[in-house]
Amino acid sequence: MSIQQENIFQQIISHAKEYGFVFPSSEIYDGLSAVYDYGPYGVELKKNIRDYWWKSMTQMHENIVGIDAAIFMHPTTWKASGHVDNFSDPMIDNKDSKKRYRVDHLIEAKAEELNNAGKNEEANHLLNKMEELLAAENFTELKALIDEYKISCSISGTSNWTDIRQFNLMFKTEFGAVASDNPDDNIVYLRPETAQGIFVNFLNVQKTARMKIPFGIAQTGKAFRNEIVARQFIFRMREFEQMEMQFFVRPGTEGEWYKFWKEERLKWHLSLGISPEKYRYHDHVKLAHYAKEACDIEFNFPIGFKEVEGIHSRSDFDLTQHQLYSKKKQQYFDNDIDPTTGKPYGNYVPYVVETSIGLDRMFLLVLSNAFEEEVITKEDGTTDSRTVLHIPTKIAPVKLAILPLLKKDGLPEIAKQLLDECKPYFKCFYEEKDAIGKRYRRQDAIGTPFCVTIDHQTKEDNTVTIRYRDSMKQERIALSSIKQLILNEL
Ligand code: GAP
């Protein structure tokens with residue numbers, strides 16, 4: 001990351017705190033690493049992103065329904081899913097600083113350093129070699145690669161490394177108060193993904209909602225991972241929220257559905273008006289233990305292009321595993337006619353294409369894309385500046401700020417009438433205090449797309465000044481048209 005990128009990232013983090021979007025968790029006790037709380041504007045933005053996703057999945061697709069599964073699940077779930085045995089990252093410790101690194105992150109940081117020094121070919125070679133060795137789980141050669149490139153610890157500055165080891169990312173806790181000779185009996189995990197809550201409910205949902213394949217089940221909720229490298233604000237957290245959808249399909253059709261969802265999900269991102277240049281796909285070389293085909297949708301964050309969403313063709317892996325471990329059939333009877341045999345397709349374990357996006361990461365994406373330190377040239381040629389969040393109106397925390405110019409002369413009464421008219425439909429903000437320019441700037445900083453000022457002329461002709469956040473243009477319009485104008489934008 002360049003110094004300039006680092007500065008922008010730090011500005012966004014400070015802005016998020018100063019304006020009530022994101023606070024470090026339990027800050028009065030110096031915080032808890034990689035855990036964050038959402039403030040008054042953050043919680044609105046987060047909810048709006050979640051609702052936008054939820055609506056696009058469950059309302060705009062007739063064949064997708066939702067669930068809300070518990071965070072705790074039977075521990076065998078995680079044995080079946082492969083998380084107990086495989087949900088781990090190769091880690092390496094520096095013997096001098098005692099700092100632990102994820103091997104891929106350590107090598108990627110070195111590649112970035114090489115890129116910044118103009119040694120792009122060398123960087124590409126390093127990354128390709130790393131991907132090849134990770135895919136083969138060849139940790140001896142991977143360690144040799146770290147030695148070859150003289151990769152050192154940023155704290156101790158030495159290359160005195162331990163061997164590479166796997167480290168499981170699931171949090172464990174104890175369940176109930178029943179004493180047992182075997183301490184493992186009471187162990188439950190905090191779910192590391194929401195997907196398994198969908199898989200174990202596959203038949204419950206299919207039967208009760210009378211779903212026919214192909215169909216999807218959507219869910220949003222918390223997930224927990226004991227991330228080792230956790231120093232990128234809400235990009236990588238230990239407690240975070242996912243928005244996942246599992247799409248159940250007939251075996252043999254998963255390739256076309258994978259392609260469909262890969263395109264459909266990028267369209268969703270672009271529907272927020274974010275520039276396509278800021279996005280790219282990254283097809284996986286090293287596939288997760290369940291994946292048949294997988295790609296990431298990456299966004300150009302201030303910290304570089306990084307994954308925001310994963311699309312995974314998971315085959316019948318999860319349902320077959322749950323069938324095996326639970327000894328309960330996870331099959332679907334497909335009575336559509338197979339044209340090659342002239343008979344129904346019959347019983348099978350469906351294949352699954354998954355779309356999985358981190359809500360907090362999407363939040364960071366929206367903030368990063370919206371944040372601007374704008375220099376304004378005034379009519380007299382002098383300059384001024386403002387910090388503005390160009391958050392898409394559909395998901396902005398506050399849609400309309402209602403600002404009486406003065407605290408007297410009946411202006412607050414008119415303003416409150418407008419507030420009462422609008423607040424059942426969208427989130428409004430009311431403020432009487434401070435000069436109007438200052439109030440506009442505060443709304444810019446939280447991303448409010450519209451401000452309306454009520455002044456003495458309002459009393460004469462029932463018009464108000466509407467001020468648009470992005471252009472800062474102001475115009476006089478009828479007071480009675482405000483509500484509809486904003487509803488049209490939503
Ligand atoms: N069910 C599949 C699954 O969980 P994943 O690629 O591990 O796949 C999906 O995670 C998404 O969840 C990621 O693209 C990312 O947006 C988000 N995510 C994963 N780990 C995260 C973390 N530690 N903090 C914040 N978001 C995370």
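Note that ligands are numbered from 1 as they come in the structure, with each ligand's atoms numbered from 1 the same way.
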Pairing of [X] and [Y] as salt bridge, 4.0 angstrom limit:
X    : Y    : answer
E113 : K110 : yes
K79  : D85  : yes
K129 : E132 : yes

Which residue owns the protein heavy atom closest to [atom], what's the atom, and how far is it?
atom                    : answer
atom 13 (C) of ligand 1 : E307 OE2, 3.2 Å
atom 26 (N) of ligand 1 : F240 CD1, 3.5 Å
atom 9 (C) of ligand 1  : S356 OG, 2.9 Å
atom 12 (O) of ligand 1 : Q242 NE2, 3.3 Å
atom 8 (O) of ligand 1  : H312 CE1, 3.6 Å

Which ligand 1 atoms are under 4.0 Å away from a heavy-atom of [X]?
X    : value
F235 : 24 (N), 25 (C), 26 (N)
E193 : 1 (N), 2 (C), 3 (C), 4 (O)
E227 : 20 (N), 22 (C), 23 (N)
E309 : 14 (O)
G358 : 11 (C), 12 (O), 15 (C), 16 (O), 17 (C)

Discussion item. Any heavy atom of M362 closer to ligand 1 than 4.0 angstrom?
Written reply: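 Contact check M362 vs ligand 1: negative.
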
Discussion item. Check contact between V308 and ligand 1, using heavy atoms of the residue and a distance below 4.0 angstrom.
Written reply: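 The answer is yes, since V308 has a heavy atom less than 4.0 Å from ligand 1.
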
Using 30° and 60° as the class limits, which term best fits the ring planes of [X] and [Y]: parallel, tilted or perpendicular?
X    : Y    : value
F72  : F175 : perpendicular
F199 : H322 : tilted
F202 : F215 : parallel
Y52  : W268 : tilted

Practice prompt. Answer yes if the side chains of E244 and Q219 hold a donor-acceptor pair under 3.5 Å, and no otherwise.
Written response: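 Not at all, the side chains of E244 and Q219 share no donor-acceptor pair under 3.5 Å.
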
Item to complete: Classify the side-chain pair S33/R238 by whether it contains a donor and acceptor separated by less than 3.5 Å.
Response: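 A pair is found: one side chain offers a donor N or O, the other an acceptor, under 3.5 Å apart.
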
Item to complete: For atom 23 (N) of ligand 1, state which one of M237, Q232, R225 supplies the nearest heavy atom.
Response: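 The option holding the nearest heavy atom is M237.
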
Practice prompt. Determine, considering heavy atoms only, which of E244, R361, K306, R191 sits nearest to atom 3 (C) of ligand 1.
Written response: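 Ranked by closest heavy atom to atom 3 (C) of ligand 1, first place is E244.
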
Have a look at ligand 1 and work out which part of [X], if any, has a heavy atom under 4.0 Å from it: side chain, backbone, both or neither.
X    : answer
D296 : neither
E354 : side chain
R236 : both
R314 : side chain

Worksheet entry | Single hit among R225, K222, R191 for salt bridge (Lys or Arg N to Asp or Glu O under 4.0 Å) with E239 |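 Exactly one option meets the salt bridge (Lys or Arg N to Asp or Glu O under 4.0 Å) with E239, and it is K222.
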
